[in-house]
A.B. asks: 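This is the structure, below, for whatever I ask next.
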Amino acid sequence: MREITLSQAVNEALAEEMRRDPTTFIIGEDVAEAGTPFKILSGLVEEFGTGRVVDTPIGEPGFMGLAVGAAMTGTRPIVDLMFGDFIFLIMDQLCNQAAKTHYMSGGKLTAPLVLRTNLGATRRSGAQHSQSLHALVAHIPGLKVAMPSSAYEAKGLLKTAIRDNNPVVIFEDKLMYQDKAEVPEEEYLIPFGVANVKRAGSDITLVGTSSMVQVAEKAAEILAAEGISAEVIDPRTIVPLDMDTINESVRKTSRCIVIDEGHQSFGVTSEIAARIMEQSFYHLDGPVIRMGAMDVPIPFSPALEDITVPTPEGVAANARKLMAGEMFNG
Amino acid sequence: MREITLSQAVNEALAEEMRRDPTTFIIGEDVAEAGTPFKILSGLVEEFGTGRVVDTPIGEPGFMGLAVGAAMTGTRPIVDLMFGDFIFLIMDQLCNQAAKTHYMSGGKLTAPLVLRTNLGATRRSGAQHSQSLHALVAHIPGLKVAMPSSAYEAKGLLKTAIRDNNPVVIFEDKLMYQDKAEVPEEEYLIPFGVANVKRAGSDITLVGTSSMVQVAEKAAEILAAEGISAEVIDPRTIVPLDMDTINESVRKTSRCIVIDEGHQSFGVTSEIAARIMEQSFYHLDGPVIRMGAMDVPIPFSPALEDITVPTPEGVAANARKLMAGEMFNG
Amino acid sequence: MSDAKTNTEEYLRMYSQMVRIRTFEDNANQLYLSAKMPGLTHMYSGQEAVAVGICEALKKTDKITSTHRGHGHCVAKGANFKEMFCELLGKEEGYCRGKGGSMHIADQSNGNLGANAIVGGSMGIATGSAFTAKMLGKDDVTVCFFGDGATAQGILYEVMNMAALWNLPVIYACENNGYSEYTKTAEIAAGSITARAEAFGIEAFTVDGQDVLAVNELTEKLVARSRKGEGPFFIELMTYRYHGHHVGDINREYYRSKDEEKLWKTERDPITKFATWLTKEGIASDADLAAITAEISADAAAAVEYALAAKYPDISEVDQHVFVA
Amino acid sequence: MSDAKTNTEEYLRMYSQMVRIRTFEDNANQLYLSAKMPGLTHMYSGQEAVAVGICEALKKTDKITSTHRGHGHCVAKGANFKEMFCELLGKEEGYCRGKGGSMHIADQSNGNLGANAIVGGSMGIATGSAFTAKMLGKDDVTVCFFGDGATAQGILYEVMNMAALWNLPVIYACENNGYSEYTKTAEIAAGSITARAEAFGIEAFTVDGQDVLAVNELTEKLVARSRKGEGPFFIELMTYRYHGHHVGDINREYYRSKDEEKLWKTERDPITKFATWLTKEGIASDADLAAITAEISADAAAAVEYALAAKYPDISEVDQHVFVA
Ligand SMILES: Cc1ncc(C[n+]2csc(CCOP(=O)(O)OP(=O)(O)O)c2C)c(N)n1
Ligand SMILES: Cc1ncc(C[n+]2csc(CCOP(=O)(O)OP(=O)(O)O)c2C)c(N)n1
Ligand SMILES: [Mg+2]
Ligand SMILES: [Mg+2]
């Protein structure tokens, strides 16, 4: 099958959906001629014009609010937020407005919009351009949250997001924009709330999100060489979260590590770990281990930045301990 | 001992600290003559003047940002954010600026400020005035988060917050402003990161935050009448979080329910449950049960609103199940 | 007074809409005072000429966004008493099935995109609604209502900038009632409010918000120009709220005098002023007007009674509408 | 050119500060091109007269807040090359122990409260710094640097409103370099930037940002007035950035022409212009100026060499400074 980059996959998803639905439009900073600083959107303004690929001034709260109102009145905005870190600027419009509109109106109003943004450290971008803030959004009822782990997921999840009638936030890993994966020529969608078992295994379950799926897969390779069989699960969306697939795996392996690039405390790993415990406690041989980014602002210095995020070696090390019963804390 | 309301306790803490330290000031909407809509600050402008009790226009991002800059240059702002729900508006200044200033400057700059705000539903205030958003803030490294459970804690924690050299966010329960508790006349401070065992017990641990401590205590009463001995723990601060006290209790009782008024998913209960599991897994008789607010925007209708938050009866019911081994999910 | 609407029916409709708002609020206040209403609410009384003068210049598919003080906008844009009172009381038959309440009342069927409990929270929404109209080639205009206090929110300037750059059909309607909660406008607004809009290249107007015809005439013009792509526009409407900031704000003397309140109520009441004009012009007699008021009172009383007896949503609704199915 | 600083030493200091900025940036760009610098960075080259004209009007305890394009402000406010290059390379001896990097460089010792990677992120901080000065009765003035693009952020209007209401000693310095990333200012800014400040009752000025003396003269006046409690003020400085938006922005022709770039570099270069004036006025000879440049080049080369060899922070630092001990 042909291979394309995650960036191309996003571009294709947008182009296809914009062709299909004339009410869709893209809005954000330098999305048109510049095609974003990551050049993800190149070519779209040429096809769809500046009326549907809309460059905004640098007023994130403003254009996010505008998108909410547009969505409520019959268009389907796809908001481009240049860095995930800027989500702090638009939380009110996203969480007080978009997320609650349908509920507060008793089901009469809807806000079908997509917020495309990114996450990921180790790009030497400093503390305000390196955060992975998806846990914040996932905490707010009314928002769906997708986390593609490859070009394939990026395309399929984005297409689903655009067709969804709810506000959806999709976090792309900015380090993966140039990573290639097999992506079919034919149209496909990836449903929300359906996890993907990336690799089957029997000894331990590794649940990873976004680029941490790759980290989990690499850890699984390391472990395989040592005779430990790891199952790797990619939830693909964290809201809704496919606990059935995760529970099934954990009940088989009895051990689990959850890996995510957001800060560990009060983050995604905690939620998944807590749910596994509630739902599969009696099947566990040891505690579910959480591996998130360190609870520190992301440092600029390469010497420090690289140690803030989970690595395959770190995952493998924890897996070995779990296998050996060394997590015993009695 | 004398009893005063939580509102009075906050007022006293502010007055005492503002007398002690001339660099402190209060800033927020209608904090001066009006003393806030909750009338918590009444009398302060009379004592400290409008130069130190500063009424602002309705520009939360602006005055939060102003507070960060003031804190960085030698004053100690105490920001009054009228409703916790407005925290969405100031996330950038709080999380991208205040939280990271010390770290990003390699320890050279500090932002010693306090953000006082509130949480709590069941006041018939609708979805944008009823949220409990402390989990969001707790996820961000660099912020301390205090959650007083009574007038006593409100005073002691606020005084500590004001003296702390870091940004501290303190969430008062707006339903508790008129609740009285014993508060000594003499000065006292409550250290951060030290949980309070509100009630000793041996069968089950109930960890509650803010007003959920009362819910836990009421549940403990109900359970006591049935011969079940519940220990109630109030962490008092969730960042830093005193896991020692919690682990000690859980290792004794082998059972635990965590209760918090934030939305359950990706919230505080998940974090505490996940940490207990990691740290005390082999001592547990059953899963740690999480009880947060429902994952719905808070509805206005009293008929619906009341069922969105944990109740003593609900806690007692879960405790009974846990005691009876009915959480078995094997 | 100037001429805006020109036939009797339209004049009387404006009069009656203002009376309906006043009557709605008087009943809502009573519900609060008699502890029959959950929570608090913000009365629109005194500002009726603003909502009515503006909304009478709009068609049904035109949109408005509203505020915490939103009952007036809701009535003016065409809402019914019954669904409104049901909403205020949290009942299933409310416009939002009781889930929104006073601060989130919306009436999708008449183009009211909803009240908002975040001051400034609907400025983006209104601008986006205008964006939709432009993108889909509809001639709908959106009016964004907000208070003087809300002009302190930065998002206003962000969206005015975009609306001006893209010529969006949106009218920013600033109801300057002199107060932002318990603080005088002068203490929270530096410089000039209209000059702020003008600085973004937006034509701005100031109008007497107690004069329904003046408001209507100006709005008719600006709506017509907006439909032709000449928007956005900004209007500052000078007005006054009769009650406290919310129904519980009873002791107000520390921030505004009783004399001031009295002056506005007796000398500048929009309903009385318009009634005087209507009778003077021979458009209606005192008796005609009294009949209108009586009918509206009866309607309101019936709606209140209905709403009080109506049922709450079933508790199974609590987790419905979080997501669109 | 007009007169601001009036003695030779001060003129030469301004010249040399501009050259130091240019030299710093040329070296930083080289570090990027030779793949020795982690991440990206935004060059200040072309805008030197702004930072220098303003900062030369400030004393050490006066504060500035800076931007993603912040090296110029940092140098102008008194920073050393060594600590700056160390910071850009993520080394322990950097101003922020390598934890900040180019977009967060700060120099507390000279009153630079830091660059900011959030466009508009420091507007509140600058205003708060001015608030401190007023509250503590210090005569410090704060200058808030930001770009034309940043004028689209609502927080600017929120804090200008507060600064105007409370007469805070802050100067908002908008460096209008014609572009907001890859977009022309006209496409993202409706109306007039200075009129926006004026609408909040703030005196606003426009000045040629390539003329260091004009910038300095205006700033000296406004700083003096600010110290007397007559602030806040707003200055729009017309300038140009020579490089791309960041060092990696090489192909720029789709958003601006080579001719335009050439025109600014050859006809309006702030250093060349000032050099011409200095020699014409007999304040310095070509040789004097060449000597200054040579010395600065040598300094920079030494600092780069030092920084390249310097050590990274120990990994144990990773969780230090999250909280103040
Ligand atoms: C973001 C936000 N900040 C503060 C409040 C609290 N609040 C509600 S109404 C109000 C005053 C609004 O004043 P104005 O815009 O003039 O409207 P008015 O009440 O006079 O109609 C305030 C501060 C809020 N609801 N939302
Ligand atoms: C809140 C925010 N939005 C967007 C960006 C991305 N960004 C960085 S610089 C920039 C352009 C800024 O333009 P201007 O203020 O004119 O400064 P200049 O780069 O021209 O110096 C943008 C959009 C950002 N860093 N922060
Ligand atoms: Mg008002
Ligand atoms: Mg610029």
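Just so it is clear: chains get the letters A, B, ... in the order the sequence lines come, proteins before strands, and each one is counted from 1. Because the structure is a prediction, the values reported are computed rather than measured. Below, each value reflects all heavy atoms present in this structure, side chains not excepted, and no hydrogens, waters or symmetry copies.
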A.B. asks: Identify the two heavy atoms, one from C:S180 and one from B:D30, that lie closest to each other, and give their separation to 0.1 Å.
C.D. replies: O-OD2, 3.8 Å

A.B. asks: What is the minimum heavy-atom distance between C:G90 and B:F300, and which atoms define it?
C.D. replies: N-CE2, 3.6 Å

A.B. asks: Can you give me the closest heavy-atom contact between C:I315 and B:L304, atom names plus distance?
C.D. replies: CA-CD2, 3.8 Å

A.B. asks: Measure distances from B:E60 to the heavy atoms of chain C and classify the residue's part below 4.5 Å as side chain, backbone, both or neither.
C.D. replies: both

A.B. asks: Return the minimal non-hydrogen interatomic distance between C:A150 and B:I58, and the atom names on each side.
C.D. replies: N-CD1, 4.4 Å

A.B. asks: Below 4.5 Å from any heavy atom of chain B, which atoms of C:L88 appear? Answer side chain, backbone, both or neither.
C.D. replies: backbone

A.B. asks: Can you name the residues of residues 121-132 of chain B that have some heavy atom under 4.5 Å away from a heavy atom in chain C?
C.D. replies: B:R123, B:R124, B:S125, B:G126, B:A127, B:Q128, B:H129

A.B. asks: Hey, does C:Q153 have a side-chain heavy atom less than 4.5 Å from the side chain of B:P57?
C.D. replies: no

A.B. asks: Which answer fits C:L89, side chain, backbone, both or neither, if we ask what part of it has an atom under 4.5 Å from a heavy atom of chain B?
C.D. replies: backbone

A.B. asks: Is chain B contacted by the side chain of C:Y255, its backbone, both, or neither, given a heavy-atom distance below 4.5 Å?
C.D. replies: neither

A.B. asks: Quick check on the interface: out of B:G59, B:A32, B:P61, who has the most heavy-atom pairs with chain C under 4.5 Å?
C.D. replies: B:G59

A.B. asks: Of all of B:P297, B:G62, B:P299, B:A34, which one pairs up most often with chain C through heavy atoms under 4.5 Å apart?
C.D. replies: B:A34

A.B. asks: As a quick check of understanding, evaluate side chain to side chain contact (heavy atoms under 4.5 Å, CB included) for B:T308 and C:V318, giving each step before the final call.
C.D. replies: CA-CA 8 Å; B:T308 62; C:V318 70; 3.8 Å; yes

A.B. asks: Do other residues, nucleotides or ligands put more than 12 heavy atoms under 6.0 Å from the CD atom of C:E260?
C.D. replies: yes

A.B. asks: Sort B:D295 into side chain, backbone, both or neither according to what part of it lies under 4.5 angstrom from a heavy atom of chain C.
C.D. replies: backbone

A.B. asks: Strictly less than 4.5 Å between heavy atoms, which residues of residues 91-101 of chain C line up against chain B? Please order them by number.
C.D. replies: C:G98, C:K99, C:G100, C:G101

A.B. asks: At a 4.5 Å cut-off on heavy atoms, which part of C:D314 comes close to chain B: side chain, backbone, both, or neither?
C.D. replies: backbone

